[in-house]
Amino acid sequence: MTPQPTPIRRADRARQVADVLRQQIHAGTFDSALPAEAALATEFTVSRNTVRDALALLRDEGLIERAPKVGTHVAQRKYDHGLDSLRGLKETLRGHGEVYNEVRAALRVTPPPAVARRLRLGPGEPAVYIERLRHLDGLPVSLDLTYLAPDIGDAVIERDLESNDIFALIEEIGGGPLGSADLALEAITADPHSAATLQMPEGGALLLLERLTRMEDGRPVDLEYIRLRGDRITMRGSLVRPTDPIDWRLTR
């Protein structure tokens with residue numbers, strides 16, 4: 001006997017609709033106003049109540065605004081931050097507005113042992129620590145904590161940190177291009193200090209990007225912990241399926 005499919009709950013349907021609409025908002029599909037509830041209900045083959053639930057999810061995320069007799073409008077769009085190329089924030093957001101860096105610290109420190117190991121520093125060897133609050137058109141979008149190898153870092157902090165990406169300064173100082181980076185990305189909630197610094201609600205969504213960057217010869221020079229506002233930044237990349245044969249039995 002063929003099992004009967006489990007009915008999809010309205011809340012599940014609403015999430016499905018919200019996911020598609022969210023992507024369309026980020027892609028700029030809607031100039032400002034979203035289609036009316038009736039049109040969305042027809043498009044997604046759901047009830048108007050389900051559409052209202054989906055729109056409520058997006059409103060709670062701060063993506064849309066709703067008002068009687070006015071309709072539903074895009075409140076803000078997120079900016080794309082690529083995951084498939086090694087770029088600084090200013091390079092990434094070029095064309096979206098002016099990036100300004102508020103330098104909160106720039107000094108030599110004794111790094112934690114875990115940091116020293118990743119930068120291949122010897123016992124007692126210092127690192128250069130830089131903390132920047134990064135603004136896009138006056139709005140804070142990221143809080144960057146950076147540890148640099150001392151020979152590179154000493155020269156970096158003598159340069160204009162307010163209007164330059166550190167990557168560009170490293171390449172200028174090092175006389176060659178950066179090569180590669182290892183990164184980890186995870187979602188965290190904003191602690192009270194980070195929330196106040198980034199002008200966002202305490203407990204709001206942050207993307208924590210940990211990135212270890214190397215010169216072209218493989219030498220690690222830059223270890224960063226970057227807190228990105230989850231309501232302003234979307235991480236995007238293009239992935240390629242590996243050509244190595246995969247034993248399908250291991251994926252079942």
Verify the distance criterion only: is there a donor paired with an acceptor across the side chains of [X] and [Y] at less than 3.5 Å?
{"X": "Y129", "Y": "E131", "value": "yes"}
{"X": "S47", "Y": "N49", "value": "no"}
{"X": "S85", "Y": "R87", "value": "yes"}

Under 3.5 Å, is there a donor-acceptor pair between the side chain of [X] and the main chain of [Y]?
{"X": "D160", "Y": "E162", "result": "yes"}
{"X": "E171", "Y": "L178", "result": "yes"}
{"X": "R229", "Y": "L198", "result": "yes"}
{"X": "D165", "Y": "E91", "result": "yes"}
{"X": "D222", "Y": "T213", "result": "no"}

Minimal non-hydrogen separation, [X] against [Y], with atom names:
{"X": "L133", "Y": "P140", "value": "CD1-CB, 4.0 Å"}
{"X": "A190", "Y": "P201", "value": "CB-O, 4.1 Å"}
{"X": "M215", "Y": "G176", "value": "CE-O, 3.7 Å"}
{"X": "L206", "Y": "S194", "value": "CD1-CB, 4.3 Å"}
{"X": "A18", "Y": "L57", "value": "CB-CD1, 4.1 Å"}
{"X": "L212", "Y": "P220", "value": "CD1-CB, 4.0 Å"}

Side chain proximity check, [X] to [Y], heavy atoms < 4.5 angstrom:
{"X": "P111", "Y": "L119", "value": "no"}
{"X": "L161", "Y": "N101", "value": "no"}
{"X": "T72", "Y": "E37", "value": "no"}
{"X": "L136", "Y": "L89", "value": "no"}
{"X": "L40", "Y": "L21", "value": "yes"}
{"X": "I25", "Y": "R22", "value": "no"}

Please report the interatomic distance [atom1]([X]) to [atom2]([Y]), rounded to the nearest 0.5 Å.
{"X": "S180", "Y": "R214", "atom1": "OG", "atom2": "CZ", "value": "5.0 Å"}
{"X": "R108", "Y": "D154", "atom1": "CZ", "atom2": "CG", "value": "4.0 Å"}
{"X": "L34", "Y": "R66", "atom1": "CG", "atom2": "CZ", "value": "9.0 Å"}
{"X": "I166", "Y": "I130", "atom1": "CD1", "atom2": "CD1", "value": "4.0 Å"}
{"X": "L208", "Y": "L185", "atom1": "CG", "atom2": "CG", "value": "8.0 Å"}
{"X": "R134", "Y": "L228", "atom1": "CZ", "atom2": "CG", "value": "9.5 Å"}

- Chi angles and distances behind the side chain to side chain contact (heavy atoms under 4.5 Å, CB included) call for D53, V17: CA-CA 9 Å; D53 291 347; V17 173; over 6 Å; no

- Message: Under the criterion salt bridge (Lys or Arg N to Asp or Glu O under 4.0 Å), I'd like the reasoning laid out for R118 against D182: C-alpha separation, chi angles, the key distance, then a yes or no.
- Response: CA-CA 11 Å; R118 298 188 72 186; D182 297 330; 5.7 Å; no

Same cluster or not: [X] versus [Y], using hydrophobic residues (I, L, V, M, F, W, Y) connected whenever any side-chain heavy atoms lie under 4.5 Å apart?
{"X": "L139", "Y": "Y100", "result": "no"}
{"X": "V221", "Y": "L148", "result": "yes"}
{"X": "I173", "Y": "L223", "result": "no"}
{"X": "L143", "Y": "L207", "result": "no"}
{"X": "V103", "Y": "I170", "result": "yes"}

- Under the side chain to side chain contact (heavy atoms under 4.5 Å, CB included) criterion, do V141 and V99 qualify, and how do the steps go? CA-CA 10 Å; V141 293; V99 173; over 6 Å; no

- Let me know which of V51, T50, V20 forms a side-chain contact (heavy atoms from CB on, under 4.5 Å) with F44.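 So, applying the side-chain contact (heavy atoms from CB on, under 4.5 Å) to F44 and each of V51, T50, V20, only V20 qualifies.
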
- Criterion side chain to side chain contact (heavy atoms under 4.5 Å, CB included) on I226 and H81, from CA distance to verdict: CA-CA 12 Å; I226 302 173; H81 193 301; over 6 Å; no

- Query: So Y147 and Y225, would you call those rings parallel, tilted or perpendicular, with 30° and 60° as cut-offs?
  - Reply: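 Ring orientation of Y147 relative to Y225: perpendicular.
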
- Can D144 and R104 be said to form a salt bridge (Lys or Arg N to Asp or Glu O under 4.0 Å), step by step? CA-CA 10 Å; D144 297 11; R104 299 164 60 87; over 6 Å; no

- Message: Show, in sequence, the C-alpha distance, side-chain angles and deciding distance for R232 and M200, and conclude whether the side chain to side chain contact (heavy atoms under 4.5 Å, CB included) test is met.
- Response: CA-CA 11 Å; R232 303 300 288 168; M200 60 182 292; over 6 Å; no

